[in-house]
Amino acid sequence: MVQIKNNYGSITISNDAIAAVTSRAVSECYGIVGLGRKGANGLVEIFKTENSGKGVKVSSSQEGLVLEVYIVVLYGVNIKTVSLNAIERVKYAVEKFTGLKVSNVTINVQGIKVDN
């Protein structure tokens with residue numbers, strides 16, 4: 001949870017709201033089929049945008065927000081290019097919608113989906 005104070009009062013932005021903006025930005029990236037998270041059994045769960053915020057960890061530091069995003073990519077795409085595109089989109093979207101500085105975005109590729 002991030003709290004911003006000024007002369008007129010304070011604004012509180014929950015980590016869930018930041019995670020929702022992040023997941024929306026990631027879902028718009030080419031080559032990403034969903035957000036992923038390893039379950040207790042070691043299998044990767046894939047979340048679509050309806051489950052916004054799952055597969056995203058939000059924390060803050062002195063420099064700004066720190067975001068960890070767990071994704072599943074489509075087979076055949078260049079993972080490095082897709083990840084760099086996702087980092088740029090997430091940073092831009094979160095800074096634009098929240099007004100907060102993003103100091104670090106980490107993309108973790110949890111799996112590759114093969115279409116049949």
Side-chain angles (χ1 to χ4, degrees):
M1 189 168 302
V2 179
Q3 191 163 13
I4 305 164
K5 294 182 180 182
N6 61 21
N7 297 342
Y8 304 108
S10 64
I11 300 170
T12 303
I13 303 173
S14 73
N15 288 349
D16 291 339
I18 296 168
V21 171
T22 301
S23 64
R24 180 64 181 193
V26 167
S27 71
E28 295 172 353
C29 292
Y30 173 78
I32 297 177
V33 294
L35 295 170
R37 180 179 68 192
K38 283 193 179 177
N41 57 5
L43 297 175
V44 175
E45 302 173 66
I46 299 176
F47 302 105
K48 297 294 183 185
T49 55
E50 305 87 58
N51 295 320
S52 63
K54 293 194 177 185
V56 178
K57 287 185 182 176
V58 180
S59 59
S60 58
S61 69
Q62 294 289 353
E63 294 83 34
L65 292 174
V66 178
L67 305 170
E68 269 190 77
V69 185
Y70 298 87
I71 63 171
V72 176
V73 296
L74 187 62
Y75 177 78
V77 298
N78 185 314
I79 294 172
K80 181 180 177 184
T81 303
V82 169
S83 298
L84 290 173
N85 183 33
I87 289 170
E88 289 178 21
R89 278 197 188 216
V90 165
K91 187 174 185 322
Y92 174 77
V94 172
E95 287 180 347
K96 178 183 173 190
F97 287 113
T98 65
L100 302 169
K101 184 180 183 313
V102 175
S103 65
N104 189 22
V105 178
T106 303
I107 300 292
N108 297 296
V109 179
Q110 291 291 326
I112 298 172
K113 183 174 185 226
V114 180
D115 278 342
N116 297 357

A.B. asks: With Ser59, which residues qualify under side-chain hydrogen bond (donor to acceptor under 3.5 Å, both in side chains), at least two apart?
C.D. replies: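 Checked Ser59 against side-chain hydrogen bond (donor to acceptor under 3.5 Å, both in side chains); zero matches.
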A.B. asks: Could you measure the distance from the CD1 atom of Ile87 to the OG1 atom of Thr106? Nearest 0.5 Å is fine.
C.D. replies: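 Interatomic distance, Ile87 CD1 to Thr106 OG1, rounded to 0.5 Å: 7.5 Å.
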A.B. asks: Could you tell me which residues satisfy side-chain hydrogen bond (donor to acceptor under 3.5 Å, both in side chains) with Thr12, sequence neighbours excluded, listed by chain and number?
C.D. replies: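 side-chain hydrogen bond (donor to acceptor under 3.5 Å, both in side chains) check on Thr12 returns nothing, list empty.
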A.B. asks: State the OG-CG distance between Ser23 and Leu67, to the nearest 0.5 angstrom.
C.D. replies: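 One finds 11.0 Å between OG of Ser23 and CG of Leu67.
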A.B. asks: Going only through I, L, V, M, F, W and Y residues with side-chain contacts under 4.5 Å, is there a path from Val26 to Tyr30?
C.D. replies: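 In one cluster with Val26: Tyr30, yes.
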A.B. asks: Run through Val109, Val82, Val77 and flag the one making a side chain to side chain contact (heavy atoms under 4.5 Å, CB included) with Ile32.
C.D. replies: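 Only one of Val109, Val82, Val77 forms a side chain to side chain contact (heavy atoms under 4.5 Å, CB included) with Ile32, namely Val82.
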A.B. asks: Report the distance from atom CD1 of Ile71 to atom OG of Ser27, rounding to the nearest 0.5 Å.
C.D. replies: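 Ile71 atom CD1 to Ser27 atom OG measures 12.0 Å (nearest 0.5 Å).
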A.B. asks: Test Ser103 against Val66 for side chain to side chain contact (heavy atoms under 4.5 Å, CB included), laying out the working first.
C.D. replies: CA-CA 6 Å; Ser103 65; Val66 178; 3.7 Å; yes
A.B. asks: Apply side chain to side chain contact (heavy atoms under 4.5 Å, CB included) to Thr98 and list each qualifying residue two or more places apart in sequence or on a separate chain.
C.D. replies: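 Once residues adjacent in sequence are excluded, the partners of Thr98 under the side chain to side chain contact (heavy atoms under 4.5 Å, CB included) criterion are Ile13, Ile18, Val94, Leu100.
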A.B. asks: Taking side chain to side chain contact (heavy atoms under 4.5 Å, CB included) as the test, write out the residues that go with Ile112, two or more places apart.
C.D. replies: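 Applying side chain to side chain contact (heavy atoms under 4.5 Å, CB included) to Ile112 gives Val73, Tyr75, Ile79.
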A.B. asks: I'd like to check the side-chain hydrogen bond (donor to acceptor under 3.5 Å, both in side chains) partners of Glu63; sequence neighbours left out, ordered by chain and number.
C.D. replies: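 With sequence neighbours excluded, Glu63 shows a side-chain hydrogen bond (donor to acceptor under 3.5 Å, both in side chains) to Ser61, given in chain and number order.
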A.B. asks: If you round to the nearest 0.5 Å, how far is CD1 of Ile107 from CG of Leu84?
C.D. replies: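 Here the interatomic distance stands at 9.0 Å.
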A.B. asks: Please, which pairs that meet salt bridge (charged side-chain N to carboxylate O under 4.0 Å, His left out) have at least one residue in residues 65-92, sequence neighbours excluded?
C.D. replies: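 Pairs touching residues 65-92 that pass the test: Glu28-Arg89, Lys91-Glu95.
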A.B. asks: Taking all heavy atoms of Ser10 and all of Lys5, pick out the closest pair and write down the distance.
C.D. replies: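 Scanning both residues, the minimum pair turns out to be CB-CG, 3.8 Å.
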A.B. asks: About how many Å separate OG1 of Thr22 and CG of Leu65, when rounded to the nearest 0.5 Å?
C.D. replies: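 Between atom CG of Leu65 and atom OG1 of Thr22 there are 8.5 Å.
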A.B. asks: Does Val90 belong to the same Ile/Leu/Val/Met/Phe/Trp/Tyr cluster as Tyr92, with side-chain heavy atoms less than 4.5 Å apart forming each link?
C.D. replies: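 Different clusters.
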A.B. asks: In this structure, would Tyr70 and Val56 fall into the same cluster of hydrophobic residues linked by side-chain contacts under 4.5 Å?
C.D. replies: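 No, separate clusters.
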